[in-house]
Amino acid sequence: MQYFSLNKQAEKVSFKEAVIKGLAPDKGLYFPETITKLPTRFFDRIEQLEDHEIAFHVIDQFVGGEIPAPELKQILKEVLSFDFPLVEVKPDIFSLELFHGPTLAFKDVGARFMARCLGYFNREKQAEKVTVLVATSGDTGGAVANGFFNVPGVEVVILYPSGKVSEIQEKQLTTLGKNISAMEVKGNFDDCQTMVKQAFLDEDFAGKVKLTSANSINVARWLPQMFYYFSAYKRLKEKGKPIIFSVPSGNFGNICAGMMARKLGLPIAHFITGTNENDVVPEYLRTGIYQQKNTISTISNAMDVAAPSNFVRIKELYDHDLEKLREDLSGYSYTDTQNLMVMKDLCGAYSYTADPHGAIGFAALSDYITENDFQGIGVFLETAHPVKFLDVIPKEIAEQITLPESIQAIIDKEKSAMQISSYKELKDYLLR
Ligand SMILES: *Cc1c(COP(=O)(O)O)cnc(C)c1O
């Protein structure tokens, strides 16, 4: 399998190289050269397969034999060692809970898969250290830190916006130590992401530091997210109704993976994206104008992204045809005030506790269903455990949430982070 850069100014690379490089030399995101539909017989018997077996069928063509089948199967077994419960919140409306992994974020799956791929590719020449450089608006950091902790030959540097991640999120990425370093950046998430992009283009690292990304720009972080959609379908198939997915989106990696799953033949009737006030994509769908704005800080901070990096992949999947995209994707955005009301409503009317991201997924799903009189099954992705957002969830709901064990273990640990405010400080650190 070859990957090409969406900027089309770089050479094609193998899966391994795409994973190690992260971003192509021309700043483009890597995209698979071919996408082959899965055979009908796979969908006919999908309910007989375990999640990790499904995952193997789904990802195999994208790994292209660069990790032998037995090793790849083992990696997938380890990656998917926790559940993805489907909770029926009200008739035919399901929450697909993706937060039962080690850092209580859906990003655990992508981070764990990427770490194991990198570990496999690095298995023989551990002298050639790889540095994973990643910007986080909250959840990526913890998932990447946990996924890569103690992986031989891999150093991890995480940039996060100071004061803009929750206390639990900060603890998850600043308390591990060893091969994990945290950088607290004076600025917002886009500032962090800009520094990371700048580092990837900096020629001064050549021959000295081998940098790679672990944001959803990296194909090994992005593609495994297809599994969620297959896993949900497997369980909902017997109902025999059309299925739509609503995805709370920031960088649009997760929803783009869902669209890839559909390309592979998964029968998904429609996608809905929910955003907070960082609404460049819903606005684009509405007006046809892609208007870049400044990032707005919200209570759903994992989606505080003004320039969603994966949207170019979505455009590629739809041949840069807005009308075609509109047939499959609807978008809605919500203010914090609306979000708080949705969380209260979900808790009051349906006894369901959502985090501020899942709540937006639910709201967007509900609005789409009402506007289109949709008859079928609606699934919203619940992307993080509400405990990670205790400081912004309505107090009466927050009080009912109990701290999971994995959080209890880190909450009293001491934070260790380096404060930086410029790219130069990051560079000096990496070249130290
Ligand atoms: C990262 C994240 C999102 C956004 O996912 P994208 O793939 O970047 O669109 C949504 N919710 C939570 C909790 C997240 O951590």
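Order of listing sets the numbers, starting from 1, for every ligand and every atom in it. Note that the structure is predicted; figures quoted are calculated from it, not measured.
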Aromatic rings [X] and [Y]: how do their planes relate, parallel, tilted or perpendicular, breaks at 30° and 60°?
X	Y	result
Phe271	Tyr229	perpendicular
Tyr284	Phe311	perpendicular
Tyr3	Phe15	tilted

Numbering as shown, the atoms of ligand 1 that approach [X] to under 4.0 Å (heavy-atom distance):
X	answer
Gly253	6 (P), 7 (O), 9 (O)
Ser249	9 (O)
Asn251	6 (P), 8 (O), 9 (O)
Asp139	12 (C), 13 (C), 14 (C), 15 (O)
Pro248	4 (C), 10 (C)

Can you tell me the protein heavy atom closest to atom 4 (C) of ligand 1 and the distance?
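Nearest protein contact, heavy atoms only, for atom 4 (C) of ligand 1 is Gly250 N, 3.5 Å.
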Would one find an N or O of [X], backbone or side chain, under 3.5 Å from an N or O of ligand 1?
X	value
Met303	no
Lys107	yes
Thr383	yes
Asn254	yes

* Asked: Contact between Phe106 and ligand 1, counting heavy atoms under 4.0 Å?
  ->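 Judged by the 4.0 Å heavy-atom criterion, Phe106 does count as contacting ligand 1.
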* Asked: Is Asp92 salt-bridged to Lys241, cutoff N-O under 4.0 Å?
  ->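 Salt bridge: yes.
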Q. Charged N to carboxylate O below 4.0 Å: is that the case for Asp321 and Lys315?
A.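 Lys315 and Asp321: not salt-bridged.
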Hey, are the side chains of Gln193 and Leu159 touching, using non-hydrogen atoms and a 4.5 Å cut-off?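 Result no, sub-4.5 Å side-chain heavy-atom pair not found.
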How about Asp391: does its CG atom have over 12 heavy atoms from other parts shown lying under 6.0 Å from it?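 Counting neighbours around CG of Asp391, more than 12 heavy atoms of other residues, nucleotides or ligands fall under 6.0 Å, so yes.
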Gln172 and its side-chain contact (heavy atoms from CB on, under 4.5 Å) partner, picked from Ile168, Leu176, Thr174 |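 Option passing the side-chain contact (heavy atoms from CB on, under 4.5 Å) with Gln172: Ile168.
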